[in-house]
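This report concerns only the one structure given below.
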Amino acid sequence: MAPNTALPALWPAPHASGAVDATVHVPGSKSVTNRALVLAALASEPGWLRRPLRSRDTLLMAGALRAMGIEIEEGVGPEGTGEAWRVLPTGLRGPATVDVGNAGTVMRFLPPVAALADGPIRFDGDPRSYERPLNGVIDALRVLGARIDDDGRGALPLTVHGSGALDGGPVSIDASSSSQFVSALLLSGPRFNQGVEVRHTGATLPSMPHIRMTVDMLRAVGAQVDTPESGGEPNVWRVTPGALLGRDLTIEPDLSNAQPFLAAALVTGGKVVIPDWPERTTQPGDRLREIFTEMGGSCELTDYGLVFTGSGVIHGIDVDLGDVGELTPGIAAVAALADSPSTLRGVAHLRLHETDRLAALTKEINELGGDVTETADGLHIRPRPLHGGTFHTYEDHRMATAGAILGLAAEGVLIENVATTAKTLPDFPELWTGMLGQ
Ligand SMILES: O=C(O)C1=C[C@@H](OP(=O)(O)O)[C@@H](O)[C@H](O)C1
Ligand SMILES: C=C(OP(=O)(O)O)C(=O)O
């Protein structure tokens, strides 16, 4: 996605002059869109994605699949409503080059797909993508029969020499650095000759809701998946080989991207409505209903969506965010404005996200006058009055939205490179000023 040149290099984060009262239509989920694209590309018949997220990460996924021979057409959806993508799984082939940007979903979900292509697929990406762990996927694919050229660091860049099929079978991995290793192997598993049995051997496993999302979406396209929760062994997932159905799927709003808007209600003692909040979902952002309620808000889930109201008071929180790590930057920002200290635990793996999020949050909140310390697996946050200043974002969309939350309360916060929100939410600056009635 081209950078939005209309945005200044230092974006003045709007200061809230009163309680917000707004309805915010949040675009589709990154995690659901990118899984849906992969599953549609692996299916044996065409499928539809309605209201897909169009952001840097999802356009990179669509571009990569197109480069491998999949047709993705623009459409208006079977009933003529809503923008849609029609995916025609016309065969996977190389040679091709895939740009993963800094999208964890693209760099981890696609090498197994590439192993099924006919021909070599080269993967490259942003400088940060070279530092993000990929060893779980590379090592597992080799065990399952793939030929991969890399530089031995267990990271990008690499080339998968697809031969049109993969044996598959049992494999053990340590997914403690990213749940996406497990999701990646499961998503392509139905197309491996023997399916796949993934055994996680590490001490911890982050982001379980994202693994449940993978399993649910696989089952929805006809795959048979056995999981620890369905009576299987702990830490073992089994996918049976078989054809996948083409589906007509409407993508849910991205609940993790709803976070800054809900935070605005909390910080200003206002009200924010998020239409189409799903009644049931595997998205980790659904945990915000509980977390932001404990921090002082209240919410009601109606047929229309989620109505979230702040009380004007923000409480600190002691919480394990291991399941919902991507919510950490936004929770840290709210915690820095609370009436008591917070401890955020279980998120050591955030040091390997878009940036080292624990270091970045500590440095940037402290430079606005805050008092944050890093712990072995998270952050300890003692609220203090904040002042203005430059908030650096390290090409991390969630750092930018965290800075915007702080800017509601502290006058004069300048967000460096707010355009980085295009990774998952290109409309963020407009949605934010719209919410504030500016
Ligand atoms: O599978 C997914 O869609 C995701 C899984 C999580 O990754 P990690 O388990 O690497 O944290 C999450 O943080 C990321 O934003 C999206
Ligand atoms: C960790 C994140 O992204 P990625 O999919 O690149 O891992 C995130 O969006 O917070």
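Counting convention: from 1, in listed order, for ligands and their atoms alike.
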Residue from P112, S183, S178 passing side chain to side chain contact (heavy atoms under 4.5 Å, CB included) with V137: P112
Nearest neighbour in protein (non-hydrogen) for atom 9 (O) of ligand 1: S179 OG, 2.6 Å
Close-contact set for ligand 1 against S178 heavy atoms, below 4.0 Å: 8 (P), 9 (O), 10 (O)
Protein heavy atom at shortest distance from atom 3 (O) of ligand 1: S31 OG, 2.6 Å
L306 CG to W277 CH2 distance, which is reported to the nearest 0.5 Å: 5.0 Å
Ligand 1 contact on T214 by region, counting heavy-atom pairs under 4.0 Å: neither
H349 neighbourhood, listing ligand 1 atoms whose heavy-atom distance to it stays under 4.0 Å: 11 (O)
Top protein contact for atom 15 (O) of ligand 1, by heavy-atom distance: E326 OE1, 2.5 Å
Non-hydrogen atom of M213 closer than 4.0 Å to ligand 1: no
Side chain to side chain, V225 and D216, heavy atoms closer than 4.5 Å: no
Under 3.5 Å: donor-acceptor pair, side chain of R35, backbone of S31: yes
Those protein residues which place at least one heavy atom below 4.0 Å from ligand 2: K30, N102, A103, G104, T105, R132, Q180, E326, H353, E354, R357, H397, R398, K423
Of the listed options R108, R132, E354, H353, closest to atom 13 (O) of ligand 1 (non-hydrogen atoms): H353
Salt bridge (Lys or Arg N to Asp or Glu O under 4.0 Å) between R142 and D150, intermediate numbers included: CA-CA 12 Å; R142 285 191 175 126; D150 67 337; 2.9 Å; yes
Side chain to side chain donor-acceptor pair (under 3.5 Å), paired with N102, selected from E395, R132, E131, R128: R132
Taking atom 16 (C) of ligand 1 as the reference point, the nearest protein heavy atom with its distance: Q180 NE2, 3.3 Å
R351/E374 under salt bridge (Lys or Arg N to Asp or Glu O under 4.0 Å): CA gap, chis, key distance, verdict: CA-CA 11 Å; R351 295 191 167 97; E374 271 188 63; 2.9 Å; yes
Closest contact, heavy atoms only, H397 versus T420: CB-O, 3.5 Å
Nearest neighbour in protein (non-hydrogen) for atom 1 (O) of ligand 1: R35 NH2, 2.7 Å
4.5 Å side-chain heavy-atom contact, H200 and W237: yes
E279 atom CD, over 12 foreign heavy atoms within 6.0 Å: no
Residue portion contacting ligand 1 (non-hydrogen atoms closer than 4.0 Å) for F109: side chain
Pairs meeting criterion salt bridge (charged side-chain N to carboxylate O under 4.0 Å, His left out) with involvement of residues 178-199, two or more places apart: E197-R199, E197-R238, R199-E233
Side chain proximity check, L431 to F261, heavy atoms < 4.5 angstrom: yes
R287 CZ to I291 CD1 distance, which is reported to the nearest 0.5 Å: 4.5 Å
Enumerated ligand 1 atoms positioned under 4.0 Å from heavy atoms of T105: 3 (O)
Per atom 5 (C) of ligand 1, closest listed option by heavy atom (K30, K423, H210, H397): H210
Heavy-atom nearest neighbour in the protein, as seen from atom 8 (P) of ligand 1, with distance rounded to 0.1 Å: S207 OG, 3.5 Å
